[in-house]
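Given the structure is predicted, the values throughout are model-derived calculations rather than measurements.
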Amino acid sequence: MRFGWRAISGPAATAATLLLAMLLERAITLPSPAPLFICIVALAGALSGVASAMVTAAAAVIGAALLFLDRHGVDQHGFSYAAADLIRLGLLAVTAALTAAVTGLMRERLLGTFAAERRSHASAARLSAALDQVDIGIVLLDAETRAEFINRAFRDYFAVPDEIADSKPPFIALMYHGRDTGAFELPEEELGTFIAQRMEMVRTGDATPINIALRTGEVLRFVCTALPDGGRMLSYTPVTDLVRHTDAPARADYYRSLRDPTGRRLIRYLRVAE
């Protein structure tokens, strides 16, 4: 038990209560201070743990014994206690010990829970900081497809302001934001179908990789991963060097048609080729 104001507060409060009760007993008859002692034991256990609470419980029992002795005085046989006083002392001792054990153990459990939560928050903060350093866009969705986490890369790729990203928007809102800012390299009439397909992939947890071309010239490989809690992890891996740099300039239209999720460009390309 560490000595400090928390550790000595219980025994000190018990001693102060006992002295005050003895002084008041000179003038008036007081009810039993046992309930007040039990409250002080519980407070000591909550403030400092089992050890301080047990010391306070012992002080409470000794104090109650002294108070009963002060009431009855000393006769020719020495110290005098009534049978009722002995019963009260026994009940007080058992109750105080149980109160000390329960409150002390509850305090230890709560402290352990708080420490675990602090470690969990620290780990989450480190993980968040690490994910902000990678060039892969990452979005974590809950079971209702609301974005619980959006890393820096995704915010940069789709020009998502921090106030929107930090407000935990639904995934559909992020898709509409990309549409409104002209992030996708798609004709306007095809954006509705594209967004609907992406929403369906997220809803079903479809892990089929999809290449998404951006207006900036970058190409991102989109993958949806279903999580055990019903959420989704969305990753946007930059594959521009793998896709763009291997395109033969003479067949640029053909490769762009292959990257079209709806397949409409490919159909138009084949018709032109015919």
Do [X] and [Y] share a hydrophobic cluster (ILVMFWY, side-chain heavy atoms under 4.5 Å, transitive)?
X: Leu214; Y: Leu191; result: yes
X: Ile40; Y: Val102; result: no
X: Val41; Y: Val50; result: no

Check your understanding: Pick from Thr237, Asn211, Thr240: which one makes a side-chain hydrogen bond (donor to acceptor under 3.5 Å, both in side chains) with Arg221?
Key ->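 Answer after filtering Thr237, Asn211, Thr240: Asn211.
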Compare every heavy atom of [Y] with every heavy atom of [X], then report the nearest pair and how far apart it is.
X: Leu92; Y: Val61; result: CD2-CA, 4.1 Å
X: Ala57; Y: Ala97; result: CB-N, 4.3 Å
X: Phe171; Y: Met199; result: CD2-SD, 3.2 Å

Check your understanding: Is a side-chain donor or acceptor of Ser128 paired with a backbone partner of Ala124 at a separation under 3.5 angstrom?
Key ->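 Looks like no, no N/O pair under 3.5 Å.
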Enumerate donor-acceptor pairs with a distance under 3.5 Å from any side-chain N or O in residues 225-236 to protein atoms, sequence neighbours excluded.
residue	atom	partner	partner atom	Å
Asp229	OD1	Gly231	N	3.0
Arg232	NE	Val202	O	2.8
Arg232	NH1	Gly230	O	3.2
Arg232	NH2	Arg203	O	3.1

**Study point:** Side-chain donor-acceptor pair present, Asp206, Thr204, cut-off under 3.5 Å
**Key:**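 Side chains of Asp206 and Thr204: no pair found under 3.5 Å.
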Practice item. Under 4.5 Å between side-chain heavy atoms, chaining through other members, with only Ile, Leu, Val, Met, Phe, Trp and Tyr counted: pull out the rest of the cluster around Leu110, sorted by chain and number. Key: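 Via sub-4.5 Å side-chain contacts, Leu110 links to Phe114.
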Check your understanding: Only one of Ile138, Val160, Leu131 clears side-chain contact (heavy atoms from CB on, under 4.5 Å) with Phe154; which?
Key ->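 Among the candidates, only Val160 passes.
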